[in-house]
Amino acid sequence: MKIGIDKIGFYAPHLYVDMNKLAVARDVEPAKFTIGIGQEKMAIAPITQDAVTLAANAAFGILDASDKEKIDYVIFGTESGVDNSKSAAVYVHGLLGLNPHARCVEVKQACYGATAAIQMAKGHIALNPESKVLVLGSDIARYGLHTGGESTQGAGAVALLISADPKIMVLEDQNSLYTDDIMDFWRPIYSDKAYVDGKFSNEQYILFFNKVWEDYKEKTGFGLKDFEAICYHLPYTKMGLKALRTVLDQGTEEDKDRLLANYEFSKTYNKNIGNIYTGSLYLSLLSLLDLKEDLEAGSRIGLYSYGSGAVGEFFSGILEANYREHLYVNQHTELFESRREVSVEEYEVIFSETLPTDGTNVELEIDHDPAVICLAGVNGHSRQYINKLR
Ligand code: HMG
């Protein structure tokens with residue numbers, strides 16, 4: 001049975017900060033952020049957007065009435081969960097008006113969560129070929145103002161509809177996994193900001209990539225020549241390039257040129273959004289599919305997922321015939337074009353605005369947020385979400 005990605009969409013908040021200006025404000029050479037890190041714009045989440053609303057907005061853009069009826073499983077990958085008990089998937093299920101005969105859960109393993117969700121979805125579809133699974137990867141990456149990780153923050157969500165006979169990409173069965181208990185990046189439950197050993201995390205990302213790539217090659221007999229492109233989890237866009245460069249000498253000049261050229265397409269959305277943790281790899285895939293217009297059906301795309309802590313996975317997919325007809329390129333172009341730049345000072349104010357943690361009720365101003373689905377406040381310790389169209 002062919003199982004894979006039937007639809008894919010994303011959402012990012014309507015605000016961003018320019019990385020050149022952030023660099024100047026932090027007394028850093030702008031080229032360090034734009035070339036050394038590889039980021040141009042960083043999405044900023046207003047207080048009216050959280051992991052739930054970002055994901056709901058991403059899914060809202062792609063689901064039709066038939067999908068809503070057929071989805072019987074919502075799997076929400078996130079490391080920015082809003083509740084230690086209730087899953088973010090249940091909120092999204094309600095906000096989108098999905099079929100009540102559905103299972104909703106949240107999964108966590110840093111940026112690897114959405115990949116775990118996709119593999120769970122594949123198993124579910126194999127047993128229930130008629131069903132569709134909504135996989136969500138949604139996060140707000142926060143390290144803190146004036147920290148080493150600040151330039152690698154971001155916010156956004158990707159929604160993937162996984163089904164049998166998918167219209168965009170069939171996910172192949174071969175994969176390679178690697179887990180090791182390391183402390184490269186983590187976020188204790190009492191903190192709304194991540195802790196990170198930056199240099200160590202970079203090393204481990206590459207080490208895990210080499211482990212899963214070598215194992216994958218041994219299992220499948222595939223090499224660089226078999227891939228049209230390789231997409232990476234992109235905490236910042238230079239990271240995937242560093243990993244790719246470690247294996248390029250395994251291929252011909254042609255392989256090298258093709259993979260480097262396609263890497264450029266696969267990083268474009270990410271360099272304008274920043275790290276969105278769980279959704280990052282799929283944002284990169286979406287960037288490649290939307291922007292590389294002559295990518296042929298039948299092409300094999302490699303996917304490297306990495307979640308700190310850490311779990312890595314390499315797997316692959318094959319593009320289906322007429323896949324371009326099922327992309328939402330115009331919707332995504334519009335999203336990028338309608339964003340508003342904020343100054344570094346405004347970003348600092350927005351970043352510092354947090355919800356009360358002492359039980360105080362709060363009503364938020366949602367008129368300034370163009371998103372369809374927003375967080376409207378907190379009442380009785382309960383987040384109040386609004387779908388403006390329902
Ligand atoms: P840093 O200390 O600010 O930067 O940390 P640096 O000194 O390492 O410089 C970065 C690059 O800029 C270097 O290039 C410099 O040479 C270059 P490289 O040698 O690495 O190729 N540079 C310049 N280039 C051009 N012109 C200049 C210039 N100056 C310097 N003038 C770091 C950077 C990414 C470590 C930091 O921002 C950080 O800690 N970020 C957060 C952690 C992170 O993103 N880790 C990535 C791997 S772990 C991962 O992906 C998982 C994660 O997504 C979490 C999850 O799983 O949930 C993070």
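Start at 1 and go down the list; that is how both ligands and their atoms are numbered.
- Distance check on atom 15 (C) of ligand 1: every protein heavy atom falls at or beyond the 4.0 Å cut-off.
- Residue-ligand proximity, Glu79 to ligand 1, at heavy-atom distances under 4.0 Å covers atoms 55 (C), 57 (O).
- Distances from atom 51 (C) of ligand 1 to the heavy atoms of Ser308, Gly240, Ala310, Ser305 show the closest one on Ser308.
- In Glu29, the part holding a heavy atom less than 4.0 Å from any atom of ligand 1 is the side chain.
- Atom 19 (O) of ligand 1 is not flagged as protein-proximal [any protein heavy atom, distance under 4.0 Å].
- Residue, atom and distance of the protein heavy atom nearest to atom 11 (C) of ligand 1 are Gly36 O, 3.5 Å.
- For Arg383 and Tyr91, the positive end is not near the middle of the six-membered ring at less than 6.0 Å and at most 45° from its axis.
- Taking a cut-off of under 4.0 Å to the non-hydrogen atoms of Gly307, the atoms of ligand 1 that pass are 56 (O).
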Query - Working for side chain to side chain donor-acceptor pair (under 3.5 Å), residues Thr237 and Asn270 - result: CA-CA 7 Å; Thr237 69; Asn270 304 67; over 6 Å; no
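- More than 12 heavy atoms of other residues, nucleotides or ligands shown are found within 6.0 angstrom of NZ on Lys219.
- Inclusion of Ser201 in the set of residues having an N or O under 3.5 Å from an N or O of ligand 1 is warranted.
- The pair Glu79-Arg187 does not count as a salt bridge, with every side-chain nitrogen at least 4.0 angstrom from each carboxylate oxygen.
- Counting protein heavy atoms under 4.0 angstrom from atom 53 (O) of ligand 1 gives one or more.
- With a heavy-atom cut-off of 4.0 Å, Lys242 touches ligand 1 through its side chain alone.
- Those atoms of ligand 1 with a heavy atom of Phe185 less than 4.0 angstrom away are 54 (C), 55 (C), 57 (O), 58 (C).
- Among protein heavy atoms, the minimum distance from atom 3 (O) of ligand 1 is reached at Lys32 NZ, 2.9 Å.
- Heavy-atom proximity to Ala110, at under 4.0 Å, picks out these atoms of ligand 1: 55 (C), 56 (O), 57 (O).
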Report task. Please lay out, stage by stage, how Asp139 and Ser80 fare under the test side chain to side chain donor-acceptor pair (under 3.5 Å). Result -> CA-CA 5 Å; Asp139 280 296; Ser80 321; 2.5 Å; yes
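- In this structure, the protein non-hydrogen atom closest to atom 42 (C) of ligand 1 is Val196 CG2, 3.5 Å.
- Note on ligand 1: Tyr143 sits in its first shell, one or more heavy atoms being nearer than 4.0 Å.
- Lys267 and Glu264 are joined by a salt bridge, as a carboxylate oxygen and a charged side-chain nitrogen come within less than 4.0 angstrom of each other.
- The N/O atoms of Tyr236, backbone and side chain alike, include none that comes under 3.5 Å of an N/O atom in ligand 1.
- Comparing heavy-atom distances from atom 37 (O) of ligand 1 across Cys111, Ala23, Ala141, Gly148 singles out Gly148 as nearest.
- The N/O atoms of Asp184, backbone and side chain alike, include none that comes under 3.5 Å of an N/O atom in ligand 1.
- Looking from atom 25 (C) of ligand 1 to the surrounding protein, the closest heavy atom is Ala31 O, 3.5 Å.
- There is a protein heavy atom less than 4.0 angstrom from atom 49 (C) of ligand 1.
- A salt bridge links Asp64 with Lys7: at least one charged nitrogen is closer than 4.0 Å to a carboxylate oxygen.
- At the top of the distance list for atom 44 (O) of ligand 1, counting protein heavy atoms only, stands Pro235 CB, 3.5 Å.
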Report task. Apply side chain to side chain contact (heavy atoms under 4.5 Å, CB included) to Lys167 and Glu320, showing your working. Result -> CA-CA 6 Å; Lys167 296 192 192 71; Glu320 281 294 90; 6.0 Å; no
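- Counting only heavy atoms from C-beta outward, the side chains of Met183 and Phe200 never approach each other to under 4.5 Å.
- Residues Tyr11 and Leu335 meet the side-chain proximity criterion, which asks for heavy atoms closer than 4.5 Å.
- Against a heavy-atom cut-off of under 4.0 Å, Gly198 is close to the following atoms of ligand 1: 35 (C), 39 (O).
- Proximity of Thr246 to Trp213: side-chain heavy atoms (C-beta onward) are nowhere separated by under 4.5 Å.
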Report task. Could you please spell out the steps behind the side chain to side chain donor-acceptor pair (under 3.5 Å) verdict for Asp50 and Tyr385? Result -> CA-CA 10 Å; Asp50 64 12; Tyr385 292 109; 2.6 Å; yes
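- Between Tyr277 and ligand 1, no pair of N/O atoms sits closer than 3.5 Å.
- Scanning the protein for heavy atoms near atom 2 (O) of ligand 1, the closest one is Lys199 NZ, 3.4 Å.
- In summary, Lys292 and Glu228 do not engage in a salt bridge, as defined by a charged side-chain N under 4.0 Å from a carboxylate O.
- Put simply, the side chain of Asp290 reaches to within 4.5 Å of the side chain of Tyr269, judged on heavy atoms.
- The ligand atoms of ligand 1 that sit less than 4.0 angstrom from a heavy atom of Gly149 are 37 (O), 38 (C), 40 (N).
- Here the heavy atom of the protein found nearest to atom 46 (C) of ligand 1 is Asn202 OD1, 3.3 Å.
- Partner of Phe208 under the ring-ring contact (aromatic ring centres under 6.0 Å, His included) criterion, chosen from Tyr304, Tyr232, Tyr306: Tyr306.
- Ring pair Tyr178/Tyr112: centre-to-centre distance not below 6.0 Å.
- For Lys238, every heavy-atom contact with ligand 1 shorter than 4.0 Å involves the side chain, none the backbone.
- Considering only non-hydrogen protein atoms, atom 33 (C) of ligand 1 sits nearest to Ile37 CD1, 3.8 Å.
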